[in-house]
Amino acid sequence: MSEIVSALQNGSQIKVVYSYTQNISANTSTITASLYVHRDSYGPSYADSCTAYININGARAMTYTAGFTIGSSWIQIGSTVTATVVHNADGTKIVNIAGFFSSSVTSKLENLSVSQNITLTTIPRASQITASSGSFNIGSSITIYTNRRSISFTHALNLYFGGYATTITYDITDSYVWNTSGWASAMYQQIPNTNTGTGTLRLITYDAGGSVVGYTELGITAHVVNSNPSFTNFSYADVDSNTVALTGDSSQIVQTKSNLRVTVTGAAAQNYATVSSYRIQYGSKTVTSSSNVISFGTVPASDSLIVTVVDSRGNTAQQSAAISTIPYSPPVISSVSLSRVNNIEAGTVLECAGTYAAYMVMKSQYSLKYRYKTTSSSTWSNYVTVTPTVSGGDFSFNASIGNFNINSSFNFEIVASDYYTSTTQPALLPTAKPVFSIRDGQIGINKIPENGALDVSGDVYISGSKAYNDGYHPSADTVGGLHILRGAASGTTATQTAYGSIYYSADINISFGTTLPVVPYVLTSFNTNGFGYCVIKSTSTTGFTVKITNEVTSSGVNWGIHWLAIYGS
């Protein structure tokens, strides 16, 4: 507590006891005051009324007009009062406190007064920082406003950004234009991995004496600009040695076959960023790598190759180039047919057509071949290469490929190949089954004639009756109630001397091909390469045995026998 005490007036004194508290945010002080009076030791004084008051800052704070008793000790007159005063804008305040007491009871208590100007403690009044914009591009300018409380105030401006702190300037009065380009490098260094950074501007307020009044702060957002990475160039090459061996040039790219590799040169990030990745796009395919040498793989049809360098902030630089690829598609066999001459002969014609990639034709990297086997076999022949007729990428082949047993059917595989791959097409060559065929002196029905003047495959009807032919009597005809089984046999045999100039062979066994129900009567006709004859030695239900007699002593006697076996049911 403080007090204001008057000098003695006729042995009496008056004083005001006061204290105060401050509201910093409101820039006010609240004063509490009490009035006291005392007189000398000549005895107490009292009366029914008096006039007493307290003035604070020129305004009446307390008035008292009631009775009193005063002695030599200090006696409070009236009540304790409070009054709130507003400080100046700079936080200073001088306030006058005055006290008064007067009573007619004695001259010793008339017109006692005291007054004094009190300097209150200055309330800190830091200026309030604002800016033309709290969000800006690094390198641009913004205006800082102090909104100062007193014209005597000056200011310093500090920057706090990431781990970087510095004083931008001193002695700011009302405003300051901050050109951020002078601090750009330091700010970029704090945000190498993002395009936006946040920080704080602090405005420190000084009074006229240079003492710190206080400070206020403003949050800021700084944006990275003009910081995209760059790179000098890029190149590409086919690193598939097999394909390069075909093209002879690693810059030529074959669709779906070349292995494309891209090399980026001279890549650099800006303003403390780092190059983080390389992105290669071709058509719908994208490959990303941390290396500047990127294996992209195969590519489809001609398109643009787009190369993008990405920095640690996500900023990019891009270049592109059109790549004309060499079209490629595997060989296609569009049609295949196999046919026998006249549909009945052993001579066979292969006809097929298809396409090769034009580049394969230009490089003479194509072939056509076939292999075959009988349908009952599991073993294939060796491949036979043929030469197709080629126009552009289209090919065709139509030529005889040799003789194939008319009684057998054959599986074929036709293969069209190029530098990379082969396409296989299966085909079937059926047996020869002519409906009607004629050879010199022979007629064939449903087959090529081989035996006799008329050679029939299938049932034969004579005068409306079916010639006998079943599993028990194969190839037998019925004539006049008798069954006639026909056949032929031929071969080569050695002879040995018997009876001077007569030579004979070992026994020759000829089979009927089945077991007949009875021993038949057998007739034969015989031919050989010399003068001789054939003798039937024995007959059974399964065949017969002959011996050939001949004048030729050569070990290579050729012979042929046609026979008829006649039997009843």
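- Using a 4.5 Å cut-off on side-chain heavy atoms (C-beta onward), Val262 and Ser235 make no contact.
- In this structure, the side chains of Val239 and Val244 stay at 4.5 Å or more apart for every pair of heavy atoms.
- Once rounded to the nearest 0.5 Å, the distance linking OG1 of Thr263 with OH of Tyr278 reads 11.0 Å.
- Summarising the geometry, atom CG belonging to Leu246 is positioned 4.5 Å from atom CE belonging to Met360; distances are rounded to the nearest 0.5 Å.
- Under 3.5 Å, the side chains of His223 and Ser135 contain a donor-acceptor pair of N or O atoms.
- Under the 3.5 Å distance criterion, the side-chain polar atoms of Thr541 are left unmatched by any main-chain donor or acceptor of Thr515.
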Side chain to side chain contact (heavy atoms under 4.5 Å, CB included) assessment of Ile536 paired with Thr524: CA-CA 9 Å; Ile536 297 176; Thr524 64; 3.8 Å; yes

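- Taken to the nearest 0.5 Å, the CG atom of Leu368 stands 8.5 Å off from the OG1 atom of Thr387.
- A distance of 7.5 Å separates CD of Gln425 from CD1 of Ile414, quoted to the nearest 0.5 Å.
- Taking CD1 from Ile220 and OG1 from Thr200, the interatomic distance works out to 7.0 Å, rounded to the nearest 0.5 Å.
- A heavy-atom distance below 4.5 Å is found between the side chains of Leu485 and Tyr567.
- The local environment of CG in Asn226 is sparse, with at most 12 non-hydrogen atoms from other residues, nucleotides or ligands closer than 6.0 Å.
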Worked verdict on Gln281 versus Thr308 for side chain to side chain contact (heavy atoms under 4.5 Å, CB included): CA-CA 8 Å; Gln281 181 179 353; Thr308 303; over 6 Å; no

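- Across every non-hydrogen atom of Thr180 and Gly139, the tightest pair is OG1-N, 2.7 Å.
- Side-chain contact annotation: Glu413 with Thr424, donor-acceptor N/O pair under 3.5 Å absent.
- Residues Phe395 and Thr389 have side chains not in contact (no heavy-atom distance under 4.5 Å, counting atoms from C-beta outward).
- If you look at Phe544 and Tyr521, their ring centroids are not closer than 6.0 Å.
- The closest donor-acceptor contact from the side chain of Thr423 to the backbone of Val332 lies at 3.5 Å or more, if one exists at all.
- For the residue pair Asn407/Thr431, the side-chain donor-acceptor check at 3.5 Å is not satisfied.
- Across every non-hydrogen atom of Tyr160 and Ala165, the tightest pair is CD2-CB, 3.6 Å.
- Phe231 has its side chain within reach of Val307: a pair of non-hydrogen atoms, C-beta onward, lies under 4.5 Å apart.
- A distance of 8.5 Å separates CG in Leu305 from OG in Ser320, rounded to the nearest 0.5 Å.
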Lys373 vs Ser381, side chain to side chain contact (heavy atoms under 4.5 Å, CB included): CA-CA, chis, key distance, verdict: CA-CA 6 Å; Lys373 68 179 185 68; Ser381 71; over 6 Å; no

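- Closest heavy-atom contact between Trp563 and Val522: CB-CG1, 4.4 Å.
- Side chain of Ser335 to main chain of Ile333: no donor-acceptor pair is present (N/O by atom type, distance under 3.5 Å, no hydrogens or angles).
- In this structure, Tyr366 and Tyr356 have tilted ring planes: the angle between them lies in the 30° to 60° band.
- Under a 3.5 Å cut-off, the side chain of Ser140 and the backbone N or O of Asn137 do form a donor-acceptor pair.
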Intermediate values then yes/no, side chain to side chain contact (heavy atoms under 4.5 Å, CB included), Thr221 and Phe136: CA-CA 6 Å; Thr221 301; Phe136 57 88; over 6 Å; no

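- At a cut-off of 3.5 Å, with distance as the only test, no side-chain donor of Thr247 or Asp249 sits close to an acceptor on the other residue.
- Checked by atom type, the side-chain pair Thr196/Thr194 shows no donor-acceptor distance below 3.5 Å.
- A donor-acceptor pair under 3.5 Å is absent between the side-chain atoms of Arg486 and the main chain of His562, judged by distance alone.
- Judged purely by distance below 3.5 Å, without hydrogens or angles, the side chains of Asn315 and Asn195 pair a donor atom with an acceptor atom.
- Screening Asp418, Thr256, Thr243 against Tyr328 for a side-chain hydrogen bond (donor to acceptor under 3.5 Å, both in side chains) leaves a single residue, Asp418.
- The aromatic rings of Trp178 and Trp183 lie perpendicular to each other, with more than 60° between the two planes, well past the 30° mark.
- Not one N or O on the side chain of Asp238 forms a donor-acceptor pair closer than 3.5 Å with the backbone of Ile253.
- Judged purely by atom type and a 3.5 angstrom limit, Ser312 uses its side chain to pair as donor or acceptor with the backbone of Pro192.
- Side-chain contact between Ser540 and Phe512: absent, with no pair of heavy atoms (C-beta onward) separated by less than 4.5 Å.
- Residues Gln255 and Ala301 share a closest heavy-atom pair of NE2-CA, 3.4 Å.
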Audit row: Thr545, Asn509, side chain to side chain donor-acceptor pair (under 3.5 Å) steps and yes/no: CA-CA 4 Å; Thr545 301; Asn509 297 313; 2.7 Å; yes

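- For the pair Lys363 and Tyr419, the cation-pi test (distance below 6.0 Å, angle within 45°) is failed.
- Sorted by first and then second residue, the pairs that involve residues 285-305 and meet side chain to side chain donor-acceptor pair (under 3.5 Å), not counting sequence neighbours, are Ser302-Thr325.
- Residues Ile138 and Tyr188 have side chains in contact (heavy-atom distance under 4.5 Å, counting atoms from C-beta outward).
- Pairing each heavy atom of Ala346 with each of Ile406, the nearest pair is N-CG2, 3.4 Å.
- Between Lys537 and Asp507 a salt bridge is recorded (basic side-chain N to carboxylate O distance below 4.0 Å).
- Of all heavy-atom pairs spanning Ala222 and Met187, the tightest one is CB-CE, 3.6 Å.
- Using bins of under 30°, 30° to 60° and over 60° for the plane-to-plane angle, the ring pair Tyr372/Phe410 lands in the perpendicular bin.
- Within a 6.0 Å radius of CZ in Arg371, other residues, nucleotides and ligands contribute more than 12 heavy atoms.
- Taking 4.5 Å as the limit, some side-chain heavy atom of Arg340 sits within range of a side-chain heavy atom of Leu429.
- Side-chain atoms of Thr385 do not come within 3.5 Å of backbone N or O of Lys369 as any donor-acceptor pair.
- Of the possible donor and acceptor atoms, none in the side chain of Asn342 sits under 3.5 Å from a partner among the backbone N and O of Glu345.
- Comment: Glu217 engages Arg202 in a salt bridge, judged by a side-chain N to carboxylate O separation of less than 4.0 angstrom.
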